[in-house]
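Basis for what follows: all heavy atoms, side chains included, without hydrogens, waters or symmetry-related copies.
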Amino acid sequence: MNLFIEFTTIVLLATLLSLILRLLKQPLVIGYILTGIFIGPHFFNIVHSTTVIDLFSQIGITILLFIVGLNLSPNVIKEVGKVSFIGGLGQIILTTLLGFIISKLLGMSYLHAFYVGLALSFSSTVIILKLLFDKGDLPKLYGKITVGILLIQDLVAIFALLFITSLAAAHGNNFLQTISFLTIKFAAIAFLVYLVSRYLIMHAIHYLAESQELLFLFSIAWGLGLSTVFYVAGFSTEIGALIAGVSLSVTPFADGIASRLKPLRDFFIILFFIFLGSNMIISTIPQILFATIALSLFVLIIKPLIVFILMNLLGYKTKQGFQTSISLAQISEFSLILVSLGLSVGELDKQTVSLITLSALITIAASSYFILYSDTIYSYLESLLKKLEIIHSSKTIQNKTQRYEIVLFGFDRVGRDFIEAFDKLGKKYLVVDYNPEMIEQLEESEIPFKYGDVEDVEFLQDLQLGKVKLCVSTIPNVKVNALVIKKIREINKNAIIIVRAGEIHEAKQLYALGATYVLMPHYLGAKYATSMIKRIGFDVKGFDDEREKHLTYVNKT
């Protein structure tokens with residue numbers, strides 16, 4: 001009964017602190033860690049059944065990493081793009097190196113400095129995705145790049161966990177021999193998992209999916225089971241959970257499995273952060289305060305600067321580089337998992353774990369405001385950021401035609417369809433985009449283009465929109481489209497303006513500003529589907545023909 005009272009008290013305190021953090025618009029993870037600090041021996045000393053709480057937190061980490069693995073589908077990774085791969089990998093290497101140097105200057109050992117440098121390089125997938133989703137910025141270019149970089153970080157974390165396991169196993173032995181043996185053993189188990197998932201699970205999962213409860217239970221059994229297999233084989237349970245998730249990521253039920261597991265993950269992961277907070281040594285805070293401030297400033301300033309410079313070198317404009325970099329200015333829950341693993345294998349002490357945990361609290365809190373108010377912050381820092389550019393955006397602007405009657409904003413998504421329509425009209429046109437990857441495609445296809453940001457008022461004024469007869473914007477941002485309509489209508493009352501909106505209230509707003517027609521993909525898709533049903537009825541052959549046409553179109557784009 002004492003355990004039940006302890007557990008209930010922990011949940012009540014976590015709920016209370018989370019409500020306070022919610023009012024302050026802070027991530028709830030801070031409330032969980034604070035709960036752990038308050039229930040620990042330095043404050044209320046509530047927790048005595050630490051073994052049970054530790055077990056629950058371990059289950060939470062296993063489920064979290066299992067879900068991360070589900071999102072690491074090879075197909076998704078393929079779509080990440082060059083900027084996410086180069087930017088993500090470059091950021092990890094440079095941040096780890098500079099973090100290692102700073103940690104050494106702070107008096108840490110080589111091993112502790114490596115752990116700290118690596119922990120500083122990861123950013124919080126959970127917090128970033130939540131804030132970007134709430135802000136509505138996930139579909140934006142910088143949102144996509146940020147998600148891509150987070151995927152690269154997750155992949156690197158897999159190898160980091162493997163390396164830490166090897167490091168722990170090599171005590172007193174030849175390190176190269178140990179890691180070679182573990183690598184071969186890891187490859188053998190991973191290959192066996194591949195065979196089982198490819199030739200057994202892939203067939204059985206369709207039967208399992210007929211019952212949502214059975215699929216849910218199987219998913220937990222698969223994740224925990226493989227975690228146990230890897231643990232018995234000499235690896236960490238975290239590695240097993242990731243591999244378990246990746247092995248199911250290629251199934252058509254990966255998203256469904258992840259969505260059903262998220263409530264369970266959220267509950268158990270709360271206990272992980274609480275357990276982490278309860279292990280913080282409050283008495284050492286005066287000793288680690290200077291190091292905490294130094295590392296927090298490094299994560300909040302230098303780490304984003306590294307990402308900003310890398311994106312500038314890859315050809316991205318100032319605002320995209322700034323918004324991507326500032327989104328990554330915090331320490332990840334993966335960082336906390338890494339140092340916790342380091343502590344469990346005896347490579348780190350509690351003081352170093354407390355240092356990273358305290359730095360995580362500071363950076364998560366500060367970066368939340370950075371992400372929410374990135375547009376305002378950018379307006380103040382724009383002139384300074386322009387001076388930090390190594391490759392100036394103006395050098396990459398290209399315009400292959402001087403006179404044009406049609407302008408298309410945004411080549412991504414359905415741009416090629418519009419290009420085909422413009423070619424049939426026989427009119428000169430110009431495509432405007434700020435994604436360097438799209439610019440490369442336009443250049444290869446010899447399509448007239450101009451590189452620039454539509455949100456830049458001066459750039460819009462330079463486009464000579466007063467003479468265009470048709471303007472189309474495929475950009476899914478109501479503020480950008482409102483700006484485009486406003487600037488065109490100021491100088492061109494007769495132009496046909498077609499813009500995109502996601503919601504009905506957005507369409508009404510754009511029509512009120514002077515849009516000629518507002519594209520609503522959901523509306524058009526539903527309208528076409530209903531007309532198809534009216535035309536085809538119950539004719540299966542007719543729907544098969546439509547399906548083949550659609551597949552041909554999808555594969556072409």
(message) Just so I know, are the side chains of Val432 and Phe449 near enough to count as touching, which here means a heavy-atom distance under 4.5 Å?
(response) no
(request) Report yes if some heavy atom in the side chain of Leu361 is under 4.5 Å from a heavy atom in the side chain of Leu358; otherwise report no. (result) yes
(message) Within the structure provided, determine whether Tyr142 and Lys319 are in side-chain contact (heavy-atom separation under 4.5 Å).
(response) no
(request) Decide yes or no for Phe308 and Thr324: does some side-chain heavy atom of the first lie under 4.5 Å from some side-chain heavy atom of the second? (result) no
(message) Let me confirm one number: the OG-CD1 distance from Ser327 to Ile371, rounded to the nearest 0.5 Å.
(response) 4.5 Å
(message) Please determine whether side-chain hydrogen bond (donor to acceptor under 3.5 Å, both in side chains) holds for the pair Gln323 and Asp375, giving the CA-CA distance in whole Å, both sets of side-chain angles, and the decisive distance to 0.1 Å.
(response) CA-CA 8 Å; Gln323 289 185 308; Asp375 292 326; 2.9 Å; yes
(request) Indicate yes or no for a side-chain donor-acceptor contact from Ser335 to the backbone of Ile331 under 3.5 Å, with no hydrogens or angles considered. (result) no
(request) Could you check if a side-chain atom of Ile302 sits within less than 4.5 angstrom of a side-chain atom of Ile306, using non-hydrogen atoms only? (result) yes
(request) Using the side chain to side chain contact (heavy atoms under 4.5 Å, CB included) rule, take Phe122 and Leu338 through it: C-alpha gap first, then chi angles, then the decisive distance, then the call. (result) CA-CA 10 Å; Phe122 297 126; Leu338 277 172; 3.2 Å; yes
(message) Is there a side-chain contact between Ile447 and Phe411 in this structure, where contact means two heavy atoms from C-beta onward sitting under 4.5 Å apart?
(response) yes
(request) To the nearest 0.5 Å, tell me how far Lys479 NZ sits from Gln509 CD. (result) 10.0 Å
(message) Working to the nearest 0.5 angstrom, can you tell me the gap between Gln320 CD and Thr318 OG1?
(response) 8.5 Å
(request) Would you check, one step at a time, whether the test side chain to side chain contact (heavy atoms under 4.5 Å, CB included) holds for Leu430 with Ile406? (result) CA-CA 6 Å; Leu430 177 74; Ile406 305 171; over 6 Å; no
(request) May I ask you to say whether Glu405 pairs ionically with Lys428, meaning some side-chain N is under 4.0 Å from a carboxylate O? (result) no
(request) Ignoring hydrogens and angles, tell me if any N or O in the side chain of Asn492 forms a donor-acceptor pair with the backbone of Leu465 under 3.5 Å. (result) yes
(request) Any chance you could lay out the side-chain hydrogen bond (donor to acceptor under 3.5 Å, both in side chains) test for Thr363 and Gln330, step after step, and finish with the verdict? (result) CA-CA 5 Å; Thr363 55; Gln330 76 283 120; over 6 Å; no
(message) Quick check for you: to the nearest 0.5 Å, what is the distance between Cys471 atom SG and Ile488 atom CD1?
(response) 3.5 Å
(request) Return yes when atom CD1 of Ile20 has more than 12 non-hydrogen atoms of other residues, nucleotides or ligands closer than 6.0 Å, and no otherwise. (result) yes
(request) Would you check if the side chain of Lys427 reaches a backbone N or O of Asp423 as a donor-acceptor pair within less than 3.5 Å? (result) no
(message) Test your reading of the model: is there a side-chain donor-acceptor pair from Ser367 to the backbone of Ile364, 3.5 Å cut-off?
(response) yes
(request) Just say parallel, tilted or perpendicular for the rings of Phe418 and Phe422, cut-offs at 30° and 60°. (result) tilted
(request) For Thr95 and Ile92, indicate whether the former's side chain and the latter's backbone hold a donor-acceptor pair under 3.5 Å. (result) no
(message) So that I can tick it off, tell me whether Glu546 and Arg535 are bridged by a salt bridge, with the cut-off set at under 4.0 angstrom between side-chain N and carboxylate O.
(response) yes
(message) Please find the pair of heavy atoms, one from Phe370 and one from Ala329, that lie closest to each other, and give the distance.
(response) CD1-CB, 4.3 Å
(message) Quick check against the 3.5 Å criterion: does Arg547 have a side-chain atom that pairs as donor or acceptor with the backbone of Gly542?
(response) no
(request) Could you grab the distance from atom OG of Ser325 to atom CD1 of Ile145, nearest 0.5 Å is fine? (result) 11.0 Å
(request) State, to 0.1 Å, how close Ser121 and Gln153 come at their nearest heavy-atom pair, and which atoms those are. (result) O-NE2, 3.4 Å
(request) Show the numbers, then the answer: is there a side chain to side chain contact (heavy atoms under 4.5 Å, CB included) between Tyr429 and Ile419? (result) CA-CA 9 Å; Tyr429 58 86; Ile419 295 300; 3.5 Å; yes
(message) Just verifying a value: how many Å separate Thr15 OG1 and Arg22 CZ, rounded to the nearest 0.5 Å?
(response) 14.0 Å
(message) Donor-acceptor pair, distance only, cut-off 3.5 Å: does the side chain of Ser473 make one with the backbone of Val499?
(response) no
(message) Is there a side-chain contact between Arg489 and Ile497 in this structure, where contact means two heavy atoms from C-beta onward sitting under 4.5 Å apart?
(response) yes
(request) Could you tell me which non-hydrogen atom of Leu150 sits nearest to which non-hydrogen atom of Ser123, and how far apart they are? (result) CD2-O, 3.8 Å
(message) Restricting to non-hydrogen atoms, name the atom on Leu513 and the atom on Ala482 that form the minimum distance, rounded to 0.1 Å.
(response) CD1-CB, 3.4 Å
(request) Looking only at non-hydrogen atoms, find the nearest pair between Ser374 and Phe322 and report the distance. (result) O-CE2, 3.5 Å
(message) With a 3.5 Å distance limit and no angle check, can you tell me whether Thr516 reaches the backbone of Ile498 through a side-chain donor-acceptor pair?
(response) no
(message) Please find the pair of heavy atoms, one from Leu314 and one from Gly87, that lie closest to each other, and give the distance.
(response) CD1-N, 4.3 Å
(request) Mind running side chain to side chain contact (heavy atoms under 4.5 Å, CB included) on Phe409 and Val407 for me, showing each step along the way? (result) CA-CA 6 Å; Phe409 292 110; Val407 176; 3.8 Å; yes
(message) Strictly below 4.0 Å, N to O, side chains only: are Asp433 and Lys450 in salt-bridge contact?
(response) no
(request) Indicate yes or no: at least one non-hydrogen side-chain atom of Leu510 is less than 4.5 angstrom from one of Arg500. (result) no
